[in-house]
Amino acid sequence: MSLKRNMLMVIFCDFLFVSLAALCFIRVYTAAQLNYSRWSCSPRHGGESVAEVLRAHGVKYVFTLVGGHISPVLVACEKVGIRIVDTRHEATAVFAADAVARLSGTVGVAAVTAGPGLTNTVTAVKNAQMAESPLLLIGGAAGTLLKGRGALQDIDQMSLFKPLCKFCASIRTVREIVPTVRKALAVAQSGTPGPVFIEFPIDTLYPYHLVSKEFTVKNPPKGLMGKIITWYLNNHLMNLFAGAWETRDVSPLPVDIPQATDDQVQRCIELVSRAKKPVILLGSQATLPPTPADDVRKALEDLGIPCFLGGMSRGMLGKNSPIHIRQNRRDALKEADLVLLAGTVCDFRLSYGRVLNRRSKIIAVNRDKTQLLKNSDLFWKPTIAVQGDTVFCKSKHTNEKTEHHLNPLKVLHQVDELMAEDSIIVADGGDFVGSAAYILRPRGPLQWLDPGAFGTLGVGGGFALGAKLCRPESEVWIVYGDGSSGYSVAEFDTFGRHKTPVIAVVGNDACWSQISREQVPMLGSNVACGLAFTDYHIVADGFGGKGYLVGREDEDRLNDIIRQAQKETQEGKATLLNVLIGKTNFREGSISV
């Protein structure tokens, strides 16, 4: 009798529990149904939320190679006045966004489709990471219910980008879009700037009435299982869009920039005031917001301390500054009694710190703690190490004779004499670009773009595209090696379609000379280093630009050819000078690895 009573009690409790659960479900379902009436007929979609946040953050361009996963983002951005610039390769889109970030002080934005669209960006994203460029990569993804089930272009994208990006997020519901994009944009600019990544499953971007069709089961199983499947899909769909169009703040979040303490600043002032032979090594971080580059320039001129400029800081002191030193850096560092590393890292560019005199006082300032102290356990020790905003706080005879083609140094000197005062120089190459770094004189701050510490080839097309969009009135010059030009010469098509005329100078010596110079004497072979004197000027013509072949026979009229290229560019046509150059020993002993 007692067993029967216990069984009845268990059945009663189960019934009560199920009844309460059903009641809760009915209430939730009823509330969802009320929202459903708003969703089902609404043409709104998640791409609009992305566009609203980007516009509120001052984003003017989104670079892309179109794909169905991300179409709603592109369409919505265009509707709110953000220019969509489509390229011929996803890496170019990211390179262009990188250039915009460096020149505009805002976050550069690129949007690419899922799977191979994203994998194609890896090198460009890594370059942005090492160059400390704030960049948002928007990627498509398989639908929320299809991830990991073999959908088209479905891979583990998060694992791919976590080592490359400061912040990675996968959107799960439409209501998450606004806060997630706001956070990503803030993280990209905070601390040490860098790339961030958000993946958008395709069903978080399209309108409800289209997504709901994909959730309809055509022939559901009969009976209880069919009802459970239908309930699960409907519940997932409603959660996907719940609260999607509630009003949310889209304004920028505060950006966290590390600053030196008052005590650190005072100690630095004392060291500088006592120094008799101080030297400043200025790196790319000096150009980062919030301090305008012109203010940095004035501060340096007021200090009057000799400066070596590297990376994005090239041009910071203008064309003919008396405190700008271009050569004999190793000798200057050996003699200096104080060295200020302002965003400069002791990596291969400073022989890992070995070029610093151990008797010198060293002030190191960098936003990134790892970069701040790199190799300090081996070859150097900072007197003061400040993790904070950097702003706050060898001579040799050269034989320049070439036998068959134009002298590359002479070509670069003539380009330097003729380029406009507002010119932006994009450096993409090895040997020829290395010579250009000595000869070409950026006219002002933010007028030199090179890839940064990662040494990436192929940035030319994307960097130039972004630069021309940011500074449409400026001359934008790409200084290409002939090897590196192969990566992005196809973007002459993009320059034409998007009315972004630039000038490219290809130093064509039919060789990967920076590698060959060491490989041949060390290993006795030029294997894989040889190229051909390719007709890059014809390639430019084929993509809608204007190409010029310039050889030894054109030496006397080189200035006229350069001026004609400038005129063509001013009239709206991208131009390319395919300059056949010979060899010099100017770069002997340069670093290639």
Distance in Å, Leu185 CG paired with Leu54 CG, rounded so as to fall on 0.5 Å steps: 6.5 Å
Taking Arg443 first and then Glu421, would you say they form a salt bridge - that is, a charged N and a carboxylate O separated by under 4.0 Å? yes
Considering only heavy atoms from C-beta outward, does the side chain of Lys583 approach that of Ser513 to under 4.5 Å? yes
Between Val345, Thr192, Leu341, which is the residue that forms a side-chain contact (heavy atoms from CB on, under 4.5 Å) with Gln371? Val345
Between Phe432 and Ser484, is there a side-chain heavy-atom distance shorter than 4.5 Å? no
Could you go through Leu136 and Ile198, starting from their C-alpha distance and side-chain angles, then the distance that decides it, and tell me whether this counts as side chain to side chain contact (heavy atoms under 4.5 Å, CB included)? CA-CA 8 Å; Leu136 169 61; Ile198 306 176; 4.1 Å; yes
Under 3.5 Å, side chain of Asp554 to main-chain N/O of Gly551, donor-acceptor pair present? yes
Tell me the closest heavy-atom pair linking Val506 and Tyr536, and the distance in Å. CG1-CD1, 4.1 Å
Is the backbone of Leu281 close enough, under 3.5 Å, to the side chain of Thr344 for a donor and an acceptor to pair up by distance? yes
Indicate yes or no for a side-chain donor-acceptor contact from Gln189 to the backbone of Val107 under 3.5 Å, with no hydrogens or angles considered. no
Go through it in stages, so that I can follow the logic: the residues are Lys60 and Thr106, the test is side chain to side chain contact (heavy atoms under 4.5 Å, CB included), and I'd like the CA-CA distance, side-chain angles, deciding distance and then a yes or no. CA-CA 9 Å; Lys60 295 182 179 179; Thr106 60; over 6 Å; no
Residue pair Pro408 / Ser435, side-chain heavy-atom distance below 4.5 Å: no
Side-chain donor-acceptor contacts of residues 316-324 below 3.5 Å, not counting sequence neighbours, with atom names and distances?
unit_1, atom_1, unit_2, atom_2, d
Asn320, OD1, Arg441, NH1, 3.3
Ser321, OG, Ile323, N, 3.3

Please walk me through it: do Phe197 and Leu118 pass side chain to side chain contact (heavy atoms under 4.5 Å, CB included)? CA-CA 10 Å; Phe197 169 61; Leu118 278 164; 3.6 Å; yes
Here the gap from Leu164 atom CG to Leu135 atom CG, rounded to the nearest 0.5 Å, amounts to 11.5 Å
Using every non-hydrogen atom in the two residues, find where Ala574 and Pro501 come nearest and quote the distance to one decimal. N-CB, 3.8 Å
Residues pairing under salt bridge (Lys or Arg N to Asp or Glu O under 4.0 Å) where one sits in residues 530-542, two or more places apart or in two chains, turn out to be none
Just to verify, what does Asp422 make a side chain to side chain donor-acceptor pair (under 3.5 Å) with, not counting sequence neighbours? none
Is a donor on one side and an acceptor on the other found under 3.5 Å between the side chain of Asn578 and the backbone of Phe533? no
Tell me which one of Asp389, Asn366, Asp368 satisfies side chain to side chain donor-acceptor pair (under 3.5 Å) with Gln285. Asn366
Could you tell me which residues satisfy salt bridge (charged side-chain N to carboxylate O under 4.0 Å, His left out) with Lys567, sequence neighbours excluded, listed by chain and number? Glu571
Drop me the distance from Gln153's CD to His69's NE2, to the nearest 0.5 angstrom. 5.5 Å
Looking only at heavy atoms, the pair that brings Gly310 and Ser313 closest together is O-OG, 2.7 Å
Can we say Lys410 and Glu555 salt-bridge, meaning some charged N sits less than 4.0 Å from an Asp/Glu carboxylate O? yes
What I'd like to find out is whether the side chain of Leu282 reaches to under 4.5 Å of the side chain of Cys307, using heavy atoms alone. no
More than 12 non-hydrogen atoms from neighbouring residues, nucleotides or ligands closer than 6.0 Å to CG on Asp302, yes or no? yes
Mind checking whether Leu350 and Leu333 have side chains closer than 4.5 Å, heavy atoms only? yes
Sub-3.5 Å donor-acceptor pair from the side chain of Ser284 to the main-chain atoms of Met312, do we have one? yes
Under the side chain to side chain donor-acceptor pair (under 3.5 Å) test, which residues partner Thr64, sequence neighbours left out? none
Determine whether His405 and Val579 satisfy the following criterion, side chain to side chain contact (heavy atoms under 4.5 Å, CB included), listing intermediate values before the conclusion. CA-CA 9 Å; His405 300 293; Val579 184; over 6 Å; no
Correct closest heavy-atom pair for Arg367 and Pro290 would be NH2-CD, 4.3 Å
Those residues at least two apart in sequence (or on a different chain) that pass salt bridge (charged side-chain N to carboxylate O under 4.0 Å, His left out) with Arg83 are none
Polar side-chain atom of Thr500 near backbone of Gly496 as donor-acceptor pair, under 3.5 Å: no
Donor-acceptor list for residues 448-472 side chains, cut-off 3.5 Å, not counting sequence neighbours:
unit_1, atom_1, unit_2, atom_2, d
Trp448, NE1, Asp450, OD2, 2.9
Asp450, OD1, Gly452, N, 3.2
Thr456, OG1, Asn127, OD1, 2.4
Lys468, NZ, Pro472, O, 3.1
Lys468, NZ, Ser474, O, 2.6

Provide the closest heavy-atom pair for Val62 versus Cys77 in the form atom of the first, atom of the second, distance. CG2-SG, 4.2 Å
Distance in Å, Asn508 CG paired with Leu549 CG, rounded so as to fall on 0.5 Å steps: 8.5 Å
How would you list, by chain and number, every residue that makes a side chain to side chain donor-acceptor pair (under 3.5 Å) with Arg497, sequence neighbours excluded? Asp86, Asp493
Is any side-chain heavy atom of Phe63 closer than 4.5 Å to a side-chain heavy atom of Val100? yes
Salt bridge (Lys or Arg N to Asp or Glu O under 4.0 Å): pairs with one or both residues in residues 473-491, sequence neighbours excluded: none
Quick one: ring pair (Phe, Tyr, Trp, His ring centres under 6.0 Å) pairs with a partner in residues 495-514, sequence neighbours left out? Phe492-Phe495
Indicate yes or no for a side-chain donor-acceptor contact from Gln447 to the backbone of Ser423 under 3.5 Å, with no hydrogens or angles considered. yes
Between Lys298 and Asp295, is there a side-chain N and carboxylate O pair less than 4.0 Å apart? no
Spacing of Glu199 atom CD and Ile155 atom CD1 [to the nearest 0.5 Å]: 9.5 Å
Report yes if some heavy atom in the side chain of Ile424 is under 4.5 Å from a heavy atom in the side chain of Leu103; otherwise report no. yes
Sorted by chain and number, sequence neighbours left out, salt bridge (charged side-chain N to carboxylate O under 4.0 Å, His left out) with Asp98 holds for Arg102
Could you list the residues that satisfy salt bridge (charged side-chain N to carboxylate O under 4.0 Å, His left out) with Asp347, not counting sequence neighbours? Arg349
Just verifying a value: how many Å separate His413 NE2 and Asp416 CG, rounded to the nearest 0.5 Å? 8.0 Å
With heavy-atom distances below 4.5 Å as the criterion, would you say the side chains of Val50 and Phe200 are in contact? yes
Just checking Lys499: does its NZ atom have more than 12 heavy atoms from other residues, nucleotides or ligands closer to it than 6.0 angstrom? no
Which heavy-atom pair separates Ala76 from Gly47 by the least distance, and what is that distance? CB-O, 3.4 Å
